A.B. asks: 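First, the structure itself, so that you have it in front of you.
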Amino acid sequence: MDFDLPSEEDPRRLEVRGWLADHPGPSGRQLAEAGLVAPHWPRPWGLDADPVHQLIIDDELRRAGVSRPSNQIGIGWAGPTLVYAGTQAQKDRYLFPLLAAEEIWCQLFSEPGAGSDLANLSTRAVRDGDEWVVNGQKIWTSMAQISQFGILIARTDPDVDKHQGISYFICPMDTPGIEVRPITEMTGSALFNEVFLTDVRLPAENLVGQLNQGWGLAKVTLGNERVSLSGGGALWGLGPTGADLIDLVRRRGGLDDPHLRQRVAALHIHEEILRLIRLRTVTAAIRGEAPGPEASIRKVLADEHGQAVMALAHDLCGADGLMTDGRPMGDDPGMWHYGWLFSQALTIGGGTGDVQRNIVAERVLGLPHDLDVEVGQTWSQARRATPA
Ligand SMILES: Cc1cc2nc3c(=O)[nH]c(=O)nc-3n(C[C@H](O)[C@H](O)[C@H](O)COP(=O)(O)OP(=O)(O)OC[C@H]3O[C@@H](n4cnc5c(N)ncnc54)[C@H](O)[C@@H]3O)c2cc1C
């Protein structure tokens, strides 16, 4: 953790400040065309920014009170995959509207029989002339009901190993044959959906990358991470932080109950550990070192920390915690109640806590490979069947 952000007079700072002075209250499109939405992307969509340059831009936008356009899956996952493997025509068509959040994207990956074991997916895409005909079902598709496009993975060759024979497509969500059914969650809102695909015809040019090489691209999609110093909220970077909760407790005169006081102290300690892990990741990036195991370790810790923040808030609200009218992230106690309900999802989405622990066990601690247990199989049968 041995870095300082460059001085106030750094030319890269002055350039961002100059641009902001010329573009007060910039639109999403203006930010996108200036390369400020994803500065680490190559030009013309980004600025080829190294980690320090990214942190400077974040700092200047924050100081100016400028928020970037919100299109989490588009900017976070779909865009980097198109930058990496898309054709020039795909890049020209999709990247700027995606960066400007003029077109929202969703991720059609998980299926009822393929979540943690995503390579098990059974949605099929069959070539018919200049089109692909897609049939299958996706589930837990966040924001499908408001998205213009989805990144879709489907099986294009069922006769090879399950990691082969998967291809990656761009799927316009208004294509005939797509039915989106929102799933009402226990929060009362409907963030994600079931998506049924029946004889959905996608133009051949919507294939991304090479035929049958979609599994490698899905890993590019899921592995993309921007360098950021921001602490982020307790709910996958959104919402209040543990520090916000501790501030609230302080403002309300502290706590007498020794058990609750201990939980507040533990929260503070965990928040500090997460901050140090984040700084370590940023330091490594600045030194040009490859990302280490910190991402998986941090996900396990951050998700459980988010749940602890919300559980403590919920307990501190007492009976008031139940007095919510379903407002998402409104004033407390409604905000904390919504957060407590939503926080149950943290250890499931984006790779469950168990799966992240497997990654840490195998890649960091060098423990033997996880057992591939089939339904109905005993543990010792699985041990014999799983390659070492
Ligand atoms: C809020 C939210 C948003 C989501 N958004 C999207 C989205 O936009 N697009 C999308 O495609 N998906 C999305 N998902 C789906 C998410 O990625 C999957 O839920 C996740 O991969 C887990 O898959 P699953 O639900 O099928 O559970 P399973 O994989 O069936 O797991 C069930 C249980 O078994 C455990 N388990 C499974 N395999 C192992 C193993 N090898 N070792 C130890 N334990 C294991 C798991 O930890 C879990 O406890 C979202 C999920 C959530 C919660």
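Counting starts at 1 for both ligands and their atoms, in listed order. Fair warning: this is a prediction, and the values are worked out from it, not measured in the lab.
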A.B. asks: Indicate yes or no: does Glu304 engage Arg357 in a salt bridge with an N to O separation below 4.0 Å.
C.D. replies: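 Yes.
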A.B. asks: Hey, which atoms in ligand 1 end up nearer than 4.0 Å to a heavy atom of Gly350?
C.D. replies: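 Heavy-atom distances to Gly350 below 4.0 Å select 17 (O).
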A.B. asks: Is the shortest side-chain N to carboxylate O distance from Glu194 to Lys138 below 4.0 Å?
C.D. replies: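 No, Glu194 and Lys138 are not salt-bridged.
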A.B. asks: Can you tell whether the side chains of Arg181 and Glu179 come within less than 4.0 Å, N to carboxylate O?
C.D. replies: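 The answer is yes: the pair qualifies as a salt bridge.
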A.B. asks: Which of the numbered atoms in ligand 1 are under 4.0 angstrom from any heavy atom belonging to Phe109?
C.D. replies: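 Ligand 1 atoms under the 4.0 Å threshold to Phe109: 11 (O).
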A.B. asks: Looking only at distances, can you tell me whether any N or O atom of Trp236, backbone or side chain, sits closer than 3.5 Å to an N or O atom of ligand 1?
C.D. replies: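 Not met; the criterion fails.
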A.B. asks: Please determine whether a side-chain nitrogen of the Lys or Arg among Glu271 and Arg275 lies less than 4.0 Å from a carboxylate oxygen of the Asp or Glu.
C.D. replies: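 A salt bridge is absent here (no side-chain N lies under 4.0 Å from a carboxylate O).
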A.B. asks: Could you check which of Ser116, Ala361, Ala345 puts a non-hydrogen atom nearest to atom 36 (N) of ligand 1?
C.D. replies: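 Among Ser116, Ala361, Ala345, the closest heavy atom to atom 36 (N) of ligand 1 belongs to Ser116.
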A.B. asks: So if I count the atoms of ligand 1 from 1 in the order they appear, which ones are less than 4.0 Å from some heavy atom of Thr352?
C.D. replies: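 Once the distances to Thr352 are compared, the set is 22 (C), 46 (C), 47 (O).
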A.B. asks: Can an N or O of Glu111 be found at a distance shorter than 3.5 Å from an N or O of ligand 1?
C.D. replies: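 Min N/O separation from ligand 1 is not below 3.5 Å for Glu111.
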A.B. asks: Please identify which atoms of ligand 1 are closer than 4.0 Å to at least one heavy atom of Asn358.
C.D. replies: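 Going through ligand 1 atom by atom, the ones under 4.0 Å from Asn358 are 40 (C), 41 (N), 42 (N), 43 (C).
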A.B. asks: Verify the distance criterion only: is there a donor paired with an acceptor across the side chains of Gln307 and Asp303 at less than 3.5 Å?
C.D. replies: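 Side-chain D/A pair, Gln307 to Asp303: absent.
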A.B. asks: Can you list the atoms of ligand 1 that are under 4.0 Å from a heavy atom of Gln107?
C.D. replies: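 Here the atoms of ligand 1 in question are 7 (C), 8 (O), 9 (N), 10 (C), 11 (O).
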A.B. asks: Less than 4.0 Å between a side-chain N and a carboxylate O, is that true for Arg93 and Glu103?
C.D. replies: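 Salt bridge present between Glu103 and Arg93.
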A.B. asks: Considering distance alone, does some N or O of Thr141 sit under 3.5 Å from an N or O of ligand 1?
C.D. replies: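 Looking only at distances, the answer is no, because the N/O contact criterion of under 3.5 Å is not met.
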A.B. asks: Could you list the atoms of ligand 1 found under 4.0 angstrom from a heavy atom of Gly349?
C.D. replies: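 Per the distance check, 51 (C), 52 (C), 53 (C).
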A.B. asks: Have a look at Ser142, Gly113, Gly115 and point out the one with the heavy atom closest to atom 5 (N) of ligand 1.
C.D. replies: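 The residue whose heavy atom sits nearest atom 5 (N) of ligand 1 is Ser142.
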A.B. asks: Does ligand 1 have any atom sitting under 4.0 Å from a heavy atom of Trp77?
C.D. replies: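 Contact check Trp77 vs ligand 1: negative.
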A.B. asks: Do Asp59 and Arg63 meet the salt-bridge criterion of a basic N to acidic O distance under 4.0 Å?
C.D. replies: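 Between Asp59 and Arg63 there is a salt bridge, with a charged N closer than 4.0 Å to a carboxylate O.
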A.B. asks: For Thr123 and Glu111, test the side chains for any donor-to-acceptor distance below 3.5 angstrom and give the result as yes or no.
C.D. replies: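 Yes, because at least one side-chain N or O of Thr123 sits under 3.5 Å from a partner of the opposite role on Glu111.
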